Amino acid sequence: MTELSDNAVYTSQIKLTDSINYTDGYILNSDNWANYVVGAITAIRHVGSALSNNKVFSGQLAHELNHSINTIDLEQPLPNMDAALEEVNSLYLSNAVYFQNPKYVAHLNCAVAYPGVIAEQILTAVNSSLDTYDGSGAGTLIEQKIIDWTADKIGFSHNADGVFTSGGSQSNLMALLLARDNFALTSLNESIKDVGITDNCRRFKIFTSSVCHFTIKKSAAILGLGFDSVISIPVDSNFKMDLHELERSIEKTIEEGGIPICIVGTAGTTDYGSVDPLDGIAPICKKYDMWFHVDAAYGCGLLVSQKHKEKLNGISHADSVTVDYHKSFLQPTSCSAFYVKDRQKLSLLTYHAEYLNPLQNDTEKTPNLVDKSLQTTRRFDALKLWLTLRVMGSENIGKVFDSAIELAGDVYELLMGDDEFEVIHSPETSAVVFRYFNKKYSNEKLNKINYSIKEHCFYAGNCAIASTKFKGIQYLKFTILNPTTTYEDIVEILSEIKSHAYLIQSQKEYMD
Ligand SMILES: Cc1ncc(COP(=O)(O)O)c(C=O)c1O
């Protein structure tokens with residue numbers, strides 16, 4: 001690892017304060033600049049050495065870590081920044097989970113591109129708030145430019161709009177909120193925003209595949225529709241929504257007095273990476289006058305892919321789309337956005353507060369993004385993607401997602417050729433679901449072995465893999481997002497999985 005330049009280089013033109021004034025000495029401004037720079041350099045050094053560690057995780061158990069963290073007395077500050085950063089190093093950096101490690105192939109957390117991290121430092125230092133133009137200035141316009149750029153990639157017209165959110169969970173909630181309120185207003189002449197949930201809402205139904213993200217159900221509950229308003233449509237052998245079953249289920253719902261309001265297609269299911277047949281869902285939405293939401297939290301990387309963009313065919317017909325740049329655009333969390341085809345629909349979310357975004361405001365001259373957001377004070381996360389696009393370019397982000405898809409295909413072939421593994425699907429994007437297999441054992445025993453393998457890997461700390469269940473069978477999962485993960489890394493992880501499997505089989509406590 002290259003040694004970072006000496007502090008002196010950074011501090012030669014600035015005046016270091018000898019001692020900190022305990023009332024205003026910590027405020028980030030030009031007077032205290034030197035303290036900030038020296039602290040930041042020390043922090044970066046700690047991060048640098050943490051990143052050079054080969055381990056994904058220290059293997060510490062939660063209760064062991066909890067003890068060290070709980071003994072800290074928060075009423076007693078440490079003598080200086082160096083000491084506090086040492087403490088952060090030993091408590092956090094030494095025991096964090098490192099998504100940058102090529103052998104982290106567990107959940108939908110990505111390795112980050114460094115321009116995104118540099119932008120994070122800028123936006124945090126300035127601390128803009130993107131609710132209003134008078135809280136952000138240029139930040140509002142930069143976010144809007146990123147929104148327009150992505151809407152164009154989705155294939156939406158100039159009539160589209162969107163806003164940055166805290167993540168896919170919030171974006172999915174916004175989608176169902178708009179689906180609910182738009183249907184009530186346009187089909188039933190009921191304004192839920194004004195009068196709240198009506199009797200008709202109890203009959204509203206949302207259709208989505210059985211392997212959609214759990215936030216669809218959670219959002220339905222938050223919106224007063226309840227888990228039961230979400231109708232789960234079976235998937236085919238490629239984990240894509242079965243369109244025949246979808247139409248059958250909509251017809252049945254109508255017969256039973258339900259009111260179908262929305263279909264959620266997933267572009268990149270959390271476990272399997274499968275993309276629902278979006279171009280087949282679109283005409284069904286049209287036929288039944290339903291809102292079409294596409295949850296592309298994971299599959300949004302396809303928007304900039306050179307090789308696989310066609311997997312998203314049909315997305316431009318959606319009424320709304322969830323995009324998580326912090327999954328497949330190499331961005332630090334949070335960096336996500338929510339899009340609508342028709343910008344007018346976002347007015348269902350608008351509230352005019354006199355102190356913030358009064359009605360008489362001329363939105364053309366002074367845009368206030370709070371008009372279309374669930375949040376008020378809001379981070380300038382768009383700057384991270386902006387800087388990454390300006391340095392790395394969208395084509396290179398697309399290449400990273402393409403390479404992850406290619407590696408997933410190679411991993412599938414590798415697993416298929418090995419009797420000790422059983423693969424459940426041929427990957428469509430970058431997730432591969434499989435299990436360790438030994439024909440000597442029942443599914444019940446194999447479930448135990450496979451779950452323990454995942455745990456053993458995590459606590460050994462050399463790699464991190466995920467697990468999931470389908471039809472009662474416990475599987476293991478690789479989610480590949482990191483361009484530095486190689487085929488050889490995967491071979492080593494599979495060899496480690498086998499070693500854990502053999503050890504587990506030799507241990508009575510697991511096998512009884
Ligand atoms: C398909 C899908 N949608 C939504 C989400 C939720 O996104 P977030 O964690 O950014 O809130 C996830 C998270 O993994 C996801 O996989």
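Ligands are counted one by one from 1 in listed order, and the atoms in each one are counted from 1 as well. Every value quoted in this text rests on a predicted model; they were computed, and no experiment measured them.
- Residue Asn101 holds its CG atom at 9.0 Å from CG of Asn462, rounded to the nearest 0.5 Å.
- Asp242 meets the side-chain hydrogen bond (donor to acceptor under 3.5 Å, both in side chains) test with no other residue; sequence neighbours excluded.
- Heavy atoms from other residues, nucleotides or ligands lying under 6.0 Å from NZ of Lys454 number more than 12.
- Looking at Thr484 and Asn482, their side chains do bring a donor and an acceptor atom within 3.5 Å of each other.
- Taking the charged nitrogens against the carboxylate oxygens, Asp402 and Lys399 have no contact shorter than 4.0 Å, which rules out a salt bridge.
- Within a 6.0 Å radius of OH in Tyr459, more than 12 heavy atoms belonging to other residues, nucleotides or ligands are found.
- Each of Leu108, Gly167, Gly168, Ser169, Asn172, His213, Gly268, Thr270, Asp295, Ala297, Asp324, His326, Lys327 has a non-hydrogen atom positioned under 4.0 Å from some atom of ligand 1.
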